[in-house]
Protein chains: 2
Amino acid sequence: MLDKDEVKDTIVNVARHIFSRFGFRKTTMDEIAIATRKGKSSIYYYFESKEEIFQAVVEKEAGLLKAELHEAISKIEDPREKLKAYILIRMRALNKLANFYDALKNEYLSHLEFINIIRKKYDDDEIATVENILSKGIENGEFVIESPHLASIAIVTAMKGLEIPIFVEVNSENVEKRIDDLVNILFYGLIKR
Amino acid sequence: MLDKDEVKDTIVNVARHIFSRFGFRKTTMDEIAIATRKGKSSIYYYFESKEEIFQAVVEKEAGLLKAELHEAISKIEDPREKLKAYILIRMRALNKLANFYDALKNEYLSHLEFINIIRKKYDDDEIATVENILSKGIENGEFVIESPHLASIAIVTAMKGLEIPIFVEVNSENVEKRIDDLVNILFYGLIKR
DNA sequence: AATTGGACTAAAAAGGTAAAACGGTCGATT
DNA sequence: AATCGACCGTTTTACCTTTTTAGTCCAATT
């Protein structure tokens with residue numbers, strides 16, 4: 001890793017903290033500069049804009065989650081178990097990231113185009129991963145799915161729907177069990193013939 | 001139906017129009033009064049508050065949807081087909097109601113407690129309906145589901161997740177087919193052994 | 001007694017504006 | 001190459017005034 005990249009990484013780490021506490025809007029470039037003990041212009045030496053820093057933060061975050069997911073599922077051979085592990089860990093990870101997202105949730109960011117680009121990229125990536133697992137299962141003859149692409153969209157969409165627990169009171173004790181139940185029901189036994 | 005209820009119903013119908021066009025906040029009691037050709041105090045003779053009118057509007061709307069759903073599924077005997085029809089029609093109905101919800105979507109209403117009460121009530125009702133269908137299927141021996149309650153939560157939640165088409169561009173031509181595909185995949189053949 | 005309109009009030013929203021804060025640039029410095 | 005202070009045009013904030021609004025009250029009408 002080059003010197004320049006190290007500095008960029010430091011800025012990203014510091015910015016991540018500030019963004020996660022105050023959101024995108026209320027985080028100022030001056031704050032980031034002060035927190036990194038640099039002049040504001042120095043920040044602009046490494047990044048072209050506030051958006052670019054935010055993008056880097058999100059992408060690092062997504063990269064870590066992706067790595068965690070990959071690490072967790074790479075050992076598992078059986079596609080059925082692999083998919084199950086993927087869903088479980090992804091939903092647990094979202095729980096962990098809740099703080100980071102909370103600060104941003106109350107902001108209206110979707111009119112900022114770059115946010116939507118990031119979101120779409122991340123979603124596409126996730127769909128691709130799930131589709132990959134499904135396809136291997138189809139090759140194995142373990143799954144019989146007509147359209148693995150549509151199926152992966154359905155799975156990812158359903159996970160998004162299940163992110164926010166609306167109906168049932170959630171405490172940290174029962175959330176694990178609940179996720180497990182839902183995964184089993186939704187994808188392995190919602191309606192057994 | 002008594003005279004009083006007829007007048008209330010007229011007010012609700014007029015208010016529905018205005019709410020759907022301008023949302024909750026930007027709809028004024030004066031507007032409702034003018035549109036109903038009544039004095040404002042007359043409106044307050046029939047309803048205690050703006051919230052109460054809005055609640056009546058939403059409840060009527062929900063009631064119509066509920067009736068439509070019931071009408072559609074009441075003839076179907078097979079629980080599997082019944083559930084499928086329920087999901088299909090509910091998702092189509094949501095498409096139709098899009099205009100009504102759109103005006104309200106851009107408002108931040110969830111901090112108004114009565115909105116959350118309505119929402120929860122509606123959600124609970126929907127879960128109960130789905131649970132009822134599932135239970136009949138279990139009695140029949142057609143479904144093997146350990147927790148029909150959890151399963152119905154999962155189905156309703158997933159439907160909510162699928163309400164907003166995030167990933168795929170949607171045009172009115174393919175939306176029907178897409179819903180059908182997703183329903184089939186999610187609940188009847190996501191992963192066939 | 002049931003129903004209505006209009007004047008009224010307290011509270012909230014909208015409008016306007018001057019000052020502060022902001023994202024981003026530039027030229028100089030190390 | 002890397003850093004920085006001073007700076008610029010724009011946006012946001014903070015504050016005030018005016019207008020609008022939800023809801024009340026009461027006299028008038030049916």
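Order of the sequence lines fixes the chain letters, A, B, ..., with proteins taken first and strands second; residue numbering starts at 1 for each chain.
A side-chain donor-acceptor contact under 3.5 Å links A/Tyr86 and A/Glu126.
At C/dG5, one or more side-chain N or O atoms of B/Ser42 fall inside 4.0 Å of OP1 or OP2 (strictly under the cut-off). Between A/Tyr44 and C/dG24 there is a side-chain polar atom (N or O) within less than 4.0 angstrom of OP1 or OP2.
As rounded to whole Å, 11 Å separates atom C1' of C/dC22 from atom CE of A/Met29. What separates CD1 of B/Ile43 from P of D/dT21 is a distance of 15 Å, to the nearest Å. Summarising the geometry, the separation between CD on B/Glu48 and C1' on D/dT24 is reported as 13 Å, rounded to the nearest angstrom. Separating the CD atom of B/Glu51 from the P atom of D/dA22 is a distance of 12 Å, rounded to the nearest angstrom. Following rounding to the nearest Å, B/Glu52 (CD) and D/dA22 (C1') show an atom-to-atom distance of 14 Å.
Grouping the Ile, Leu, Val, Met, Phe, Trp and Tyr side chains by contacts below 4.5 angstrom, directly or via other members, places A/Phe114 with A/Phe47.
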Would A/Tyr122 and A/Glu61 count as a side chain to side chain donor-acceptor pair (under 3.5 Å) if you check the C-alpha gap in whole Å, the side-chain angles of each, and the deciding distance to 0.1 Å? CA-CA 11 Å; A/Tyr122 181 72; A/Glu61 206 75 18; over 6 Å; no
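Among the atoms of the strands shown, only primed sugar atoms or phosphate atoms (P, OP1, OP2) are found under 4.0 Å from some heavy atom of B/Tyr46.
Across every non-hydrogen atom of A/Val12 and A/Ala56, the tightest pair is CG2-CB, 3.7 Å.
Each of A/Lys26 and B/Ser41 was matched to the nucleotide of DNA chain D holding its nearest heavy atom; the match closer to the 5' end belongs to A/Lys26.
Although no hydrogens or angles enter the test, the distance criterion places a donor-acceptor pair under 3.5 Å between the side chain of A/Lys50 and the main chain of A/Phe24.
DNA chain D is contacted by A/Lys38 of residues 30-38 of chain A, taking any non-hydrogen atom closer than 4.0 Å.
Under 3.5 Å, the side chain of B/Lys40 and the base of D/dG23 form at least one donor-acceptor pair of N or O atoms.
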